[in-house]
Amino acid sequence: MEQNIFARDAQSFRPLVLATVAAIVLMIADWQHPEWFDPARRLTRAALDPLYVFASYPVLSGDWLSEQAQSEEVLRRENAALKAERLQNNVRLQKLAELSAENTRLRGLLNTPLIIDGRMIISEIIGTDPDPLRHILVINRGDVDGVFIGQMVLDDKGVVGQVVEVLAHSARILLISDKENAVSVRIERTGMRGILAGTGDSGRLSLQYVPNTADVQVGDRLFTSGLGERFPAGYAVGVVSAIQHHGSSEFADIAIKPLAQLEGGHHVILLFSAPLAKEQPHTEPAKPKSTKQQSSGTRYVAQ
């Protein structure tokens, strides 16, 4: 007589049913009170952690073997590419630093208190005169921009010089430190006027024909007087740095330190402002000067 296998296996479902019911009860309890099972959960994770680490070894070993299998030529190419990229990044950083410094200089030019009427253009210095005895700069503005001979040139600190030659797209600036240049100035503290001449030294100017008895002190600031037809009045030029009196001469030797950055500057301002002589009423306008460059023996002086 055959045995009924279904009848014999009916009791084998009891453990499965009990396990399913227990699992459902545990899941409901864990959902309702998760804090009851946290210690057991942490203990289980701590016990299985070494197994996870051991199971990751094949993957890590495969990565290590893959790296070791790369050829030396591939590593050299990657190293060269990384070096080239680092070099490019360093160049970009240098350019960004220069652009930041240039932006600061331009903001200083635009915010300078010297400019009171707003008629100006900013120009970039693109060269210098090849003659080492002349203090002449070349800028990238010219006749097409309205630049004219005798135009005053400034930076954010003070007077730089004047335009002495104009071409279509460039112009030449004679610095106030050139021996052929002179500026009519006045002392801010006393109002005394004088002629400030270049000495050929970019860091030193000379206030000429000042009597030994004149009231001049170290630290006095000098401004353009506006008496000539070159420089409008009221723009800073320099400050008295030293005074020497000679018994054999009736004039004092007065050294002036220019306020403008005559060396190392990158940008200058071309000022479109009429000089004091042209601004005065009942004054006949001066005849325009020739656009040809004046001879080197001429002294560019406003007196």
Side-chain angles (χ1 to χ4, degrees), residues 95-132 134-183 185 196 198 202-203 205 223-224 226 228-238 258-276 278 288-294 296 298 300-302:
K95 185 60 178 178
L96 288 176
E98 174 62 21
L99 290 176
S100 177
E102 181 176 343
N103 181 52
T104 302
R105 290 192 296 267
L106 291 175
R107 289 177 62 88
L109 289 174
L110 293 175
N111 295 330
T112 174
L114 296 176
I115 306 303
I116 59 176
D117 58 4
R119 292 176 291 168
M120 64 174 180
I121 57 174
I122 297 178
S123 177
E124 184 177 0
I125 298 173
I126 59 175
T128 59
D129 193 275
D131 187 352
R134 302 304 306 275
H135 291 198
I136 294 178
L137 300 178
V138 182
I139 59 174
N140 64 344
R141 299 284 187 173
D143 187 62
V144 296
D145 303 296
V147 179
F148 56 90
I149 289 181
Q151 188 171 12
M152 185 166 73
V153 183
L154 308 164
D155 66 3
D156 58 330
K157 298 295 189 300
V159 177
V160 173
Q162 61 179 306
V163 177
V164 293
E165 183 183 8
V166 179
L167 301 177
H169 300 283
S170 64
R172 290 158 61 87
I173 299 173
L174 184 71
L175 301 183
I176 58 175
S177 58
D178 191 277
K179 290 183 178 181
E180 300 297 331
N181 200 5
V183 184
V185 296
L196 187 64
S202 59
L205 308 175
F223 290 80
T224 54
E229 296 186 2
R230 294 289 185 183
F231 300 97
Y235 291 88
V237 181
L259 294 176
Q261 186 178 3
L262 303 182
E263 291 184 351
H266 295 278
H267 296 85
V268 293
I269 291 175
L270 297 171
L271 183 64
F272 292 87
S273 179
L276 183 62
K278 294 184 179 181
K289 297 181 180 295
S290 173
T291 57
K292 295 182 179 180
Q293 183 181 10
Q294 303 187 33
S296 59
T298 303
Y300 299 88
V301 57

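Residue indices begin at 1 and follow the sequence shown. Values reported hereafter were calculated over all heavy atoms of this structure, with side chains retained and with hydrogens, waters and symmetry mates removed.
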**Study point:** Closest non-hydrogen atom pair, Ala260 against Gly158
**Key:** CB-O, 3.7 Å
Point to revise | Residues which pass side chain to side chain contact (heavy atoms under 4.5 Å, CB included) with Asp129, listed by chain and number, not counting sequence neighbours | key: Asp131, Arg134, Ile136, Arg172
Check your understanding: If you round to the nearest 0.5 Å, how far is CG of Leu271 from CG of Leu154?
Key -> 5.5 Å
Exercise for review: For the residue pair Ile176 and Leu262, establish whether any side-chain heavy-atom pair is separated by less than 4.5 Å.
Suggested key: yes
Study note, to complete from the structure: Correct closest heavy-atom pair for Leu205 and Pro258 would be CD1-CB, 4.0 Å
Practice item. Give the C-alpha distance, both sets of side-chain angles, the deciding distance and a yes or no for side-chain contact (heavy atoms from CB on, under 4.5 Å) between Val153 and Val159. Key: CA-CA 6 Å; Val153 183; Val159 177; over 6 Å; no
Check your understanding: Any side-chain heavy atom of Leu137 within less than 4.5 Å of one from Leu175?
Key -> yes
Review point. Looking at residues at least two apart in the chain, or sitting in another chain, which of them share a side chain to side chain contact (heavy atoms under 4.5 Å, CB included) with Ile121?
Key: Arg141, Asp145, Val147, Leu270, Phe272
Point to revise | Under 3.5 Å: donor-acceptor pair, side chain of Asp155, backbone of Gln261 | key: yes
Point to revise | Working for side-chain contact (heavy atoms from CB on, under 4.5 Å), residues Leu259 and Val237 | key: CA-CA 6 Å; Leu259 294 176; Val237 181; over 6 Å; no
Exercise for review: Look at the side chain of Ser123 and the backbone N and O of Val268, then say whether any donor-acceptor pair between them is shorter than 3.5 Å.
Suggested key: no
Review point. Side-chain contact, heavy-atom cut-off 4.5 Å: Asn140 with Ser170?
Key: no
Point to revise | Any side-chain heavy-atom pair of Asn181 and Gln162 under 4.5 Å | key: yes
Check your understanding: Is there a donor-acceptor pair under 3.5 Å between the side chain of Asp143 and the backbone N or O of Ala168?
Key -> no
Check your understanding: Can you check side-chain contact (heavy atoms from CB on, under 4.5 Å) on Val163 and Phe148, steps first, answer last?
Key -> CA-CA 7 Å; Val163 177; Phe148 56 90; over 6 Å; no
Practice item. Any chance you could lay out the side-chain contact (heavy atoms from CB on, under 4.5 Å) test for Ile173 and Ile139, step after step, and finish with the verdict? Key: CA-CA 8 Å; Ile173 299 173; Ile139 59 174; 3.3 Å; yes
Point to revise | Distance-minimising heavy-atom pair for Ser202 and His135 | key: N-CE1, 3.8 Å
